[in-house]
Each structure stands twice: as C-alpha cells, then as structure tokens.
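Here's the structure, in structure tokens; my notes come after.
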Amino acid sequence: MSINCQNNENNRNDRLSDGNINPSSILSSYIKNNDYDFIGTQEMSSNFTEHMENNLSGYKFSGKYRNDFKILRIFFPRIRKLKENNKIILKGNVIYEKTISLPWIPLNIKELYRAIKRKSLMRRIASGVLVQTDELGPVYFLNTHLDYAIKSVQKRQLKRIYKHIYIKRINYPVVITGDFNMEISDKSFKKFVHQLEKINIKRVPINDKTNALKYRNKSAIDHIFIPSECKIVNSGVIIDNNLKSITDHLPIFVEIKK
C-alpha cells in the first residue's frame, strides 16, 4: 500500500478533533486487518510515527526524517512535531536500509521565487530498504514523495531515483511506491515509466484520481511500481471512510504473486 499520511494538526497530535480515537490507531488497525506486507508512507510526523510503532509491534519501520531541525529544536522544542518522514512499514528481515537525498533547490532565480511562493521549497528524500521476503526472496523497496510545484525539480528527482534503481535492479526485484505529484500524462513521468519498463519494472495501472477534489489533477499522482515478472492479483484505490480522517489522498494498493 502507498498512503500519504497528511502532516496536519490532527496527525501531528495523534488526536482527532472529536477526541474519540487516534489517527494512528485507525491506520494501524487497517494495516493489521488487511495483512499488508509493505506500506510506503509519506508525510508521517514524529509523534504519529512513534504511536504507529507502538501499535504495530509485528512490523519494522525503515527510513530517516527528511528534516531533523537539530539546531532549531534547541531554541524551539515544539518544532520537533514538524519533523516528517517517508517511512516504509514492512514485514520481513531487513538486510540494509538507505535514505537518499533528492535534488530540491531550483537552479534559477525565477523558479526559486516560485518555489518559495508555492511553499514547495523543502528537502526531499527517498527511503530505500533491502528486505528478505518469503515469496520473492530479497526485494529492494523504495518509497518517495516528490516536489509538487517545479517541473524542472521533479525531472531531476526522477533522474536521481532512476539512477539509484538501475543499479539495484541488476541484483534484486524492485518495488517503488510514492506520492510523485505527477500524472501519467506528464512528459517527464511518462519518460520515467518507459525507462523503468526497459529494466523490467512496471507501473501498476491505477489511474483514478488520488488527491483531493480541490486540486486540478484528473488522474492518479500516487503510484506503485513492481517487478515485471510479478503478476497483479488485485489493485486499485482504497475507499474507506475511516482513512479519510488521516489523508486527503486516496491510498492505493496492489496484491502480487510471483
């Protein structure tokens, strides 16, 4: 599954406005009830993450925070709540993990000004983990969250991810999840999909719009890629009223077999 755990006040405090149940408990229960093996998350705050870890004792959490605010936390302790990650929640034995920094600063003044105005100027990362699975053996799993405003930055981020994945694919099956903030019709994303197909990684064909109706996108901006040798048993967007309190996206999922 891939899910954007919207970094809002409710999730940061892990408390809904009505105070009945915690967002972390809702998502943890959903994961356990549906027996997911891998979950790629985006925008998980530190408090939300810690509660998830307590609720999901049978799972491992992989990936670092994209901002740690080490110096600012000395003067503003409450800024810790704004820490955010792209954690991978998984079953299986972790062989090794790596958090990759992606390009995030525009290369010209005009785009830099636009990024500041759109509030998209923030460090971007991809969380990677090599995990031993029962069915597929060792699998390399990558999860990310790309820029939403500057096309040239998105293009550079995709290039960095492809370069990283190209090397991993030589030795392992690769699964990629994430909020790419790009539709399949986007020129750069279309090229990225084609490049992955050449190294036997295919996009799961989930095309329904996945972000909130207030945005202009007409189709999915959240995507999952799997090894071409795997068969898709079931896939799609997740419609669950309980999850609406956690995310302004529709989570997506795929069930595969070798």
Side-chain angles (χ1 to χ4, degrees), residues 1-69 73 77-94 97 99 125 127 129 131 133-134 141-145 175 177-179 206 208-214 220-224 234-255:
M1 176 169 70
S2 182
I3 179 170
N4 184 314
C5 304
Q6 189 180 13
N7 190 3
N8 57 27
E9 194 69 21
N10 285 346
N11 287 346
R12 281 195 293 272
N13 294 325
D14 196 31
R15 188 175 300 278
L16 297 180
S17 55
D18 59 13
N20 288 333
I21 190 168
N22 300 331
S24 64
S25 297
I26 294 173
L27 182 55
S28 300
S29 295
Y30 185 84
I31 290 170
K32 288 187 287 188
N33 291 341
N34 290 275
D35 197 26
Y36 281 101
D37 295 299
F38 297 95
I39 305 94
T41 70
Q42 302 88 42
E43 295 192 28
M44 284 229 294
S45 62
S46 57
N47 192 40
F48 188 81
T49 302
E50 288 168 8
H51 283 86
M52 288 288 293
E53 288 176 327
N54 290 333
N55 293 335
L56 290 172
S57 57
Y59 287 81
K60 297 179 178 67
F61 285 66
S62 179
K64 296 180 180 178
Y65 287 84
R66 68 180 181 183
N67 288 310
D68 209 18
F69 304 119
R73 272 166 31 201
R78 294 184 66 182
I79 203 171
R80 177 184 175 277
K81 284 188 175 183
L82 299 179
K83 287 173 58 180
E84 189 178 289
N85 61 61
N86 300 332
K87 291 280 187 184
I88 300 168
I89 305 171
L90 57 100
K91 294 179 180 177
N93 295 317
V94 172
E97 55 187 353
T99 299
I125 59 173
S127 300
V129 60
V131 58
T133 69
D134 292 335
F141 194 101
L142 189 81
N143 177 57
T144 193
H145 187 188
V175 174
T177 59
D179 177 356
I206 302 170
D208 294 339
K209 179 178 171 65
T210 55
N211 62 336
L213 293 175
K214 65 180 180 179
I221 64 169
D222 302 271
H223 306 280
I224 299 176
N234 194 12
S235 66
V237 297
I238 297 170
I239 309 295
D240 188 292
N241 287 331
N242 290 324
L243 296 180
K244 288 181 179 179
S245 61
I246 297 168
T247 177
D248 60 346
H249 287 233
L250 289 176
I252 58 176
F253 80 99
V254 64
E255 182 183 355

Q | Nearest-0.5 Å distance, OG of residue Ser235 to CD1 of residue Ile224 | A | 8.0 Å
Q: Carefully, step by step, assess Arg12 and Asn47 under the rule side chain to side chain contact (heavy atoms under 4.5 Å, CB included).
A: CA-CA 6 Å; Arg12 281 195 293 272; Asn47 192 40; 5.9 Å; no
Q: For residues Val129 and Val94, report the shortest heavy-atom separation together with the two atoms involved.
A: CG2-CG1, 3.7 Å
Q. Looking at Asp134 and Lys91, does any basic side-chain N land under 4.0 Å from a carboxylate oxygen?
A. no
Q | Among Asp37, Leu90, Asn93, the one residue meeting side-chain contact (heavy atoms from CB on, under 4.5 Å) with Val131 | A | Leu90
**Q.** Pair Asp222-Ser2, side-chain donor/acceptor within less than 3.5 Å
**A.** no
Q: Output the distance between atom CD (Gln6) and atom NZ (Lys244), rounded to the nearest 0.5 Å.
A: 14.0 Å
Q) Looking at side-chain heavy atoms only, is the closest gap between Leu142 and Ile88 below 4.5 Å? A) no
Q.
Quick check: closest heavy atoms across Ile246 and Pro23, and the distance to 0.1 Å?
A. CD1-O, 3.4 Å
(Q) Are Ile3 and Cys5 packed together at the side-chain level, in the sense that at least one heavy-atom pair is separated by less than 4.5 angstrom? (A) yes
(Q) Set out, in order, the CA-CA distance, both residues' side-chain angles and the distance that settles side chain to side chain contact (heavy atoms under 4.5 Å, CB included) for Val237 and Thr210, then state yes or no. (A) CA-CA 7 Å; Val237 297; Thr210 55; 4.1 Å; yes
Q. Do side-chain atoms of Asn211 reach the backbone of Asp248 as a donor and acceptor pair under 3.5 angstrom?
A. no
Q: Might you work through the side chain to side chain contact (heavy atoms under 4.5 Å, CB included) test for Met1 and Tyr30, ending with a clear yes or no?
A: CA-CA 11 Å; Met1 176 169 70; Tyr30 185 84; 4.0 Å; yes
Q.
So does Ile26 get a backbone contact from the side chain of Ser29, meaning a donor-acceptor N/O pair under 3.5 Å?
A. no
Q) Just checking, is any N or O donor in the side chain of Asp179 or Asn4 under 3.5 Å from an acceptor N or O on the other one? A) yes
Q. Does Lys83 count as lying over the ring of Tyr65, i.e. NZ or CZ under 6.0 Å from the six-ring centre, within 45 degrees of the axis?
A. yes
(Q) Quick one, Thr49 and Met44 - any side-chain contact, counting heavy atoms below 4.5 Å? (A) yes
Q) Below 4.5 Å, heavy atoms only, C-beta onward: do Asn234 and Phe253 meet side chain to side chain? A) yes
Q.
Measuring only between side-chain heavy atoms, which start at C-beta, is Phe48 closer than 4.5 Å to Asn13?
A. no
Q) Under 30°, 30 to 60°, or over 60°: which ring-plane class applies to Phe38 and Phe141, parallel, tilted or perpendicular? A) parallel
Q.
Is the shortest side-chain heavy-atom distance between Leu243 and Pro251 below 4.5 Å?
A. yes
Q) How close do Ser45 and Asn7 get, heavy atom to heavy atom, and via which atoms? A) CB-OD1, 3.7 Å
Q. Which distance, rounded to the nearest 0.5 Å, do you find between the NE2 of His223 and the CD1 of Ile206?
A. 9.5 Å
Q: Measure the CG-OH distance between Leu56 and Tyr36 for me, rounded to the nearest 0.5 Å.
A: 13.0 Å
Q | Met52 vs Ile89, side chain to side chain contact (heavy atoms under 4.5 Å, CB included): CA-CA, chis, key distance, verdict | A | CA-CA 10 Å; Met52 288 288 293; Ile89 305 171; 4.0 Å; yes
Q) Does Ser127 reach the main-chain N or O of Thr99 with its side chain, forming a donor-acceptor pair under 3.5 Å? A) no
(Q) Rounded to the nearest 0.5 Å, what separates atom CD in Gln42 from atom NE2 in His249? (A) 8.0 Å
Q | Side chains of Ser24 and Glu50 in contact at under 4.5 Å (non-hydrogen atoms) | A | no
Q | Non-hydrogen side-chain atoms of Leu213 and Lys209 separated by less than 4.5 Å | A | yes
Q: Report the distance from atom CD of Glu84 to atom CG of Asn11, rounding to the nearest 0.5 Å.
A: 10.5 Å
